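The structure under discussion appears below in the form of C-alpha cells.
Keep in mind it's a predicted model, so treat the numbers as computed, not measured. By convention in this document, chain letters (A, B, ...) are assigned in the order of the sequence lines, proteins followed by strands, and residues within each chain are numbered from 1.
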Amino acid sequence: MPELPDVEVYRRRLSAHGLHKKIGKVAVTDARILDRVSAAALARRLTGRQFTAAERRGKHLLARLDKGGWVTMHFGMSGDLLFHDDPEKAPPYTCVRLDFGRGAHLSYTSRRKLGRLGVADDADEFIARQRLGPDALDRSFDAAALKKALGGTTRGIKAALMDQSVLAGIGNIFSDEILFQARIDPRKPVPKLDPAELKRLHGAMRRVLQEAVRRGAGSETFLEHLPSSWLLPQRRKGGKCPRGHGALKTFKLGARTGYYCPRCQR
DNA sequence: TTAAGTGTTGCTCT
DNA sequence: AAGAGCAACACTTA
C-alpha cells in the first residue's frame with residue numbers, strides 16, 4: 001500500500017506521539033523484515049534511546065535517535081505504523097514493537113513481509129544507498145526540477161514517475177491519479193511531453209499528494225471520502241471515467257496494472 | 001480447489 | 001546501460 005501520502009501520515013503520527021519518549025523495550029516478533037541488522041543489535045541500538053525527529057524521503061520514514069543514528073522504515077506493499085496503549089494488543093502482522101512505557105506502544109506491521117526496518121548512521125548516506133531521487137513533495141521540487149529529474153529518459157511517463165531514483169514517493173496507485181488529473185496518457189514517452197503538459201503534471205502531482213495526505217491516506221475510509229472527480233474510487237474492474245467518458249482502460253507495466261481514460265488522457 | 005492478482009523493490013537479463 | 005521481467009511474500013478473489 002504505502003506510497004508517499006501514506007508514509008507522510010505515519011510520519012506525522014510518529015512525530016505527534018513518538019518523540020522524546022524513552023524506549024524501554026524492543027520486541028522483534030518477525031525478524032524477516034529487518035534490514036541488515038539482527039534483532040539483538042536493533043534492541044541494543046534502541047533500548048534507552050528516544051526519537052527526536054521523524055522525517056520522510058519518498059516512501060521511506062526515518063526516525064532520528066538521540067545520541068546519533070536513525071531508524072529507517074519502508075513498508076513494501078503492505079504495512080502500517082500504529083500506536084496502541086496495551087502491549088498485548090499489537091495489531092495483526094506486527095513485526096517490531098517498541099515500548100515507550102506505560103500505555104505507549106508503537107507497532108511496525110508488514111503483512112506480506114516486503115517492508116524493511118533498519119538502522120542507519122547517516123540519513124544522507126542511507127538516501128544515497130537507496131538511490132532515492134528528490135522527494136515528490138519537497139518544497140524545492142518545482143516544475144523545473146521535475147523537468148530536470150525526468151530529463152534523459154525515453155520511457156513512458158508512468159514508468160518514469162514510479163522510478164524512485166527519478167523522484168521519490170510515487171507508486172502505481174498515485175501515478176494513475178496524478179496522470180488522470182493532468183490528463184496525460186500514462187504510456188506517453190517523456191520526451192513527447194510539451195511544456196504545458198509538464199506544468200500540468202507538476203501541479204497535479206502536488207495537489208493529489210497533498211490532498212491525499214490531508215484526507216488521511218491509508219485509512220479504511222480513504223477511498224470513500226475522495227472527491228468524485230478523482231480516479232481512485234473508480235480504479236477497479238468495471239470502473240468509469242469520473243468525467244463521464246465511460247469505461248476505464250487498463251494496461252500492464254511489468255506485473256502492475258495501470259488504469260486510465262483513453263478519451264481524456266492523451 | 002487452484003491459480004492469479006496485489007498500493008514495492010531489487011536482481012537478472014537483454 | 002537503460003529498461004523490461006520476475007522473484008520475494010502472504011493474503012484475497014475468481
Flag if over 12 foreign heavy atoms under 6.0 Å of NZ, A:Lys188: yes
Please report the distance separating the P of B:dG5 from the corresponding atom of C:dG5, rounded so that it comes out in whole Å. 15 Å
Applying a 4.0 Å non-hydrogen cut-off, can you work out what A:Arg131 is touching in the nucleic acid: base, sugar-phosphate, or nothing? nothing
Can you tell me which stems involve DNA chain B, if a stem is defined as three or more consecutive Watson-Crick or G-U wobble pairs, both distances under 3.5 Å? B:2-6 with C:10-14, B:8-14 with C:2-8
Ranking A:Gln130 and A:Asp6 by the position along DNA chain B of their nearest nucleotide, the one closer to 5' is A:Asp6
Could you give the distance separating B:dA4 and C:dC6 at their P atoms, to the nearest angstrom? 13 Å
Quick one, give me the B/S/- string for nucleotides 8-14 of chain C, reading 5' to 3', where B means a protein heavy atom under 4.0 Å from the base and S means that only happens at the primed atoms, P, OP1 or OP2. BBBS---
Tell me the interatomic distance from A:Arg129, atom CZ, to B:dT9, atom P, rounded to whole angstroms. 14 Å
Length of the line joining A:Glu3:CD and B:dT9:C1', which is rounded to integer Å: 13 Å
Pairwise P distance for B:dG7 and C:dG3, with rounding to whole Å: 22 Å
Please state how far atom CG in A:Leu223 lies from atom P in B:dG7, giving the value in whole angstrom units. 12 Å
Please report, rounded to the nearest Å, how far the C1' atom of C:dC6 is from the CG atom of A:Leu253. 14 Å
Does any non-hydrogen side-chain atom of A:Leu14 lie less than 4.5 Å from one of A:Phe51? yes
Rounded to whole Å, please give me the gap between CG in A:Asn172 and C1' in B:dT6. 9 Å
Residues, nucleotides or ligands: over 12 heavy atoms within 6.0 Å of A:Arg187 CZ: yes
Is any side-chain N or O of A:Lys252 closer than 4.0 Å to OP1 or OP2 of C:dC6? no
A:Asp6 side chain to A:Glu3 backbone, donor-acceptor under 3.5 Å: yes
From the list A:Asp124, A:Val7, A:Asp135, side-chain contact (heavy atoms from CB on, under 4.5 Å) with A:Arg57 holds only for A:Asp135
Base, sugar-phosphate, or nothing: which does A:Ser78 touch, judged by heavy atoms less than 4.0 Å apart? nothing
Count the heavy atoms of every other residue, nucleotide or ligand shown that sit under 6.0 Å from NZ of A:Lys249, and state whether that count exceeds 12. no
Would you kindly check if the NZ (Lys) or CZ (Arg) of A:Arg112 is within the cone defined by 45 degrees around the ring axis of A:Tyr93 and under 6.0 Å from the six-membered ring centre? no
Any side-chain donor near an acceptor of the partner, A:His84 and A:Ser107, under 3.5 Å: yes
Within the structure provided, determine whether A:Arg215 and A:Phe222 are in side-chain contact (heavy-atom separation under 4.5 Å). yes
Nearest-0.5 Å distance that lies between atom CG in A:Leu61 and atom CZ in A:Arg13: 10.5 Å
Expected list for residues 148-160 of chain A near DNA chain C, using heavy atoms below 4.0 Å, is A:Thr153, A:Thr154, A:Arg155
